[in-house]
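Comments concern the structure below.
None of the values given here were measured: they were computed from a predicted structure.
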Amino acid sequence: MTTPALLENQHIYQDKMCEYNQTLPTETKKRQKLLKEVFTETGDNCTVEMPLNSNWGCKHVHLGNGVYLNLNVTFVDESIFLSVIIA
């Protein structure tokens with residue numbers, strides 16, 4: 001069931017994701033800072049090309065070290081998985 005509080009929480013994460021998608025490729029420090037706010041966890045040397053799409057703004061997504069996500073990646077992150085490999 002969707003409640004106003006749940007939607008507000010979802011919008012916070014979606015807003016951060018949209019902010020990330022509006023950064024310039026040369027704004028590397030800002031992009032790294034926003035990645036740490038967008039994802040639950042990010043390892044070292046993660047690169048995420050834009051646009052990044054997600055219904056929850058990646059709140060439930062953990063990235064390990066050296067992850068590269070190419071452009072137009074979309075996460076439907078409504079569930080929590082113990083291990084996932086994206087090929």
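- Sorted by first and then second residue, the pairs that involve residues 24-35 and meet salt bridge (Lys or Arg N to Asp or Glu O under 4.0 Å), not counting sequence neighbours, are Lys33-Glu37.
- Asn45 places none of its side-chain heavy atoms less than 4.5 Å from the side chain of Asn65.
- Side chains of Val61 and Ser54 form no contact here, defined as non-hydrogen atoms less than 4.5 Å apart.
- When all heavy atoms are compared, the tightest approach of Cys46 to Gly64 is SG-O, 3.1 Å.
- In this structure, Phe39 and Leu52 have side chains that are in contact, with non-hydrogen atoms separated by less than 4.5 Å.
- For Asp15, there are no side-chain contact (heavy atoms from CB on, under 4.5 Å) partners, not counting sequence neighbours.
- Proximity of Thr42 to Val48: side-chain heavy atoms (C-beta onward) are nowhere separated by under 4.5 Å.
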Checklist entry - How far apart are the C-alpha atoms of Leu63 and Leu69, what are their side-chain angles, what is the distance that settles it, and do they pass the side chain to side chain contact (heavy atoms under 4.5 Å, CB included) test? => result CA-CA 10 Å; Leu63 300 180; Leu69 300 176; 4.2 Å; yes
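- Met50 and Thr23 make their closest contact through CE-O, 3.2 Å (heavy atoms, listed as atom of the first residue, atom of the second, distance).
- For the salt bridge (Lys or Arg N to Asp or Glu O under 4.0 Å) condition, no pair includes a residue of residues 40-56, sequence neighbours left out.
- Here Met17 contributes atom CE and Leu35 contributes atom CG; the two are 12.5 Å apart, rounded to the nearest 0.5 Å.
- The CG atom of Leu71 sits 11.0 Å away from the CG atom of Asn21 when rounded to the nearest 0.5 Å.
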